[in-house]
2 protein chains.
Amino acid sequence: MTKQMSKPAGRPRRFDPEKAIAIAQQLFHEHGYDAVGVADITRALGIKPPSFYAAFGSKAELYSRVLDRYACTGAIPLQDFLRADTPVAEGLAALLEEAARRYAADPLATGCLVLESTRSNDQGVREAAGVFHINAEEEVRAFIAARHPEDAERLADFVSTAMSGLSARARNGQSLERLLASARLAGDALRQALPG
Amino acid sequence: MTKQMSKPAGRPRRFDPEKAIAIAQQLFHEHGYDAVGVADITRALGIKPPSFYAAFGSKAELYSRVLDRYACTGAIPLQDFLRADTPVAEGLAALLEEAARRYAADPLATGCLVLESTRSNDQGVREAAGVFHINAEEEVRAFIAARHPEDAERLADFVSTAMSGLSARARNGQSLERLLASARLAGDALRQALPG
DNA sequence: GATATTCTGTAGTAGACGCTACATAATATT
DNA sequence: AATATTATGTAGCGTCTACTACAGAATATC
């Protein structure tokens, strides 16, 4: 049974807000929050500022929607890699390889949108992205802690550092092959640190 | 024989340009190029914009001077770590530990000024920092290639990725201890990749 | 002392930024 | 058809940015 929405009164929108968020996501991912102006967004959407603000409230609120969308559609599904039936080191190594692949998948929108956003000049954006970042880190830490509690913090830190490095290098234009080689080396370090 | 500079004609400066560059370096390192305005700089220096522009030309030119200064005084002296009489893996591992230490040394000016500058919104700044970045990478690559030519690119990439990750994590406020632990894990990966 | 040179502060410039007041157009409900 | 509601475009708000025209102050040389 599909949700039956009654049509709202008033003049209908000329654009689809969900598609608009997708377009904005591409822009933000490509150039970063600070470098994308409201004028860039409205131009890309073919609308004028008042329509933009009526629909999204502010640039910051739109970015929050973009982050939510990224978490659902663009980010790495951690639970697919961090499974109880997978050896810890193997799961983490596979996660790093997947990161390399995703960060270089779209040559325009490189790196991790969340990781890059934690370094915006806008404090609100940093904090919003920080929540996603911390949640992901905690998921990794808990996955390790289930079988190697002593090593959880240290190895989760290493995974985070590796992913931040991969994201940064992807944004510097590094090729998928070289990114993957670095990810594999980091994976080897984890296998060595967690024998068995 | 010290260079004898004849005093220039005209009204003398009320401030020392070298000290000004040092102060600007601290500001830029702390907040990033984009987030530091000319007004912030002139306020910190106790001068007015015309004095600033007469002395440095533009914000971008000042930043170039800051990068030069950083290369001389703040950056890691690679040649001290990458010596022909040091085992390759040991040299690289020591380099990564030193990076962790430097990136967290000043709790306000965290990370690597060059690495962080490669992600500015200003293209000129990205390019200027990119030159320093590429030169450093090549130095690392050549150090490895002297004894392990097959592995040089792959391992140099890994070192760069690790340093980028360390710089990013330092800027996220990670403590020296945790930064060091990640650096040591990365160093172990290098020792494993280069037995002997 | 006269002049040239250089630095100084006052007070701006033009342009980009995020954002909005307002009148009008397009729809649903009555 | 009348009304309420919502979206739209025009035009522009105030603020911030990097940067500068200009006149006066402080020094060197002549």
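The figures that follow rest on heavy atoms only: side chains count, while hydrogens, waters and symmetry mates do not. Sequence lines set the chain letters: A, B, ... in the order given, protein chains first and strands last, and positions in each chain run from 1.
Nucleotides of DNA chain C that come within less than 4.0 Å of any heavy atom of chain A span, from the 5' end to the 3' end, C/dG18 to C/dA28.
As rounded to whole Å, 9 Å separates atom C1' of D/dT20 from atom OH of B/Tyr53. Note: CD1 (B/Ile47) to C1' (D/dC19) measures 14 Å, nearest angstrom. Rounded to whole angstrom, the span from the CZ atom of A/Arg14 across to the C1' atom of D/dT6 amounts to 15 Å. Atom-to-atom, NZ of A/Lys48 to P of D/dA7 comes out at 18 Å; the value is rounded to the nearest Å. What separates CG of A/Asn121 from C1' of D/dT17 is a distance of 14 Å, to the nearest Å. D/dT17 atom C1' lies 13 Å from atom CZ of B/Phe52, rounded to whole Å.
The list of side chain to side chain donor-acceptor pair (under 3.5 Å) pairs with a residue in residues 35-50 of chain A, not counting sequence neighbours, reads A/Asp40-A/Arg43.
Residue A/Phe56 is classed as having no contact, given no heavy-atom separation below 4.0 Å to the nucleic acid.
Inter-residue side-chain proximity for B/Ser117 and B/Phe132 is flagged as unmet; no heavy-atom pair is nearer than 4.5 Å.
Between atom CG of residue B/Asn121 and atom NE2 of residue A/His31 there is a gap of 10.5 Å, rounded to the nearest 0.5 Å.
Using a cutoff of 4.0 Å between basic side-chain nitrogens and carboxylate oxygens, B/Arg83 and B/Glu90 are not scored as salt-bridged. The existence of a salt bridge linking A/Glu97 and A/Arg101 is confirmed by a sub-4.0 Å separation between a basic side-chain nitrogen and an acidic carboxylate oxygen.
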B/S/- contact track for nucleotides 21-29 of chain D, protein heavy atom under 4.0 Å
B--BBBBS-

After noting the C-alpha distance and the side-chain angles of B/Glu30 and B/Arg171, does the key distance pass the salt bridge (charged side-chain N to carboxylate O under 4.0 Å, His left out) rule?
CA-CA 9 Å; B/Glu30 181 170 347; B/Arg171 286 204 78 75; over 6 Å; no

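Between the side chain of A/Arg102 and the backbone N or O of A/Gly74, at least one donor-acceptor pair lies under 3.5 Å.
The environment of CD in B/Gln79 is crowded: more than 12 heavy-atom neighbours from other residues, nucleotides or ligands sit within 6.0 Å.
Side chain to side chain, B/Asp157 and A/Ser182 fail the donor-acceptor criterion of an N or O pair below 3.5 Å.
Contact annotation: B/Ser58 does not reach the phosphate of D/dA18 (side-chain N/O to OP1 or OP2, under 4.0 Å).
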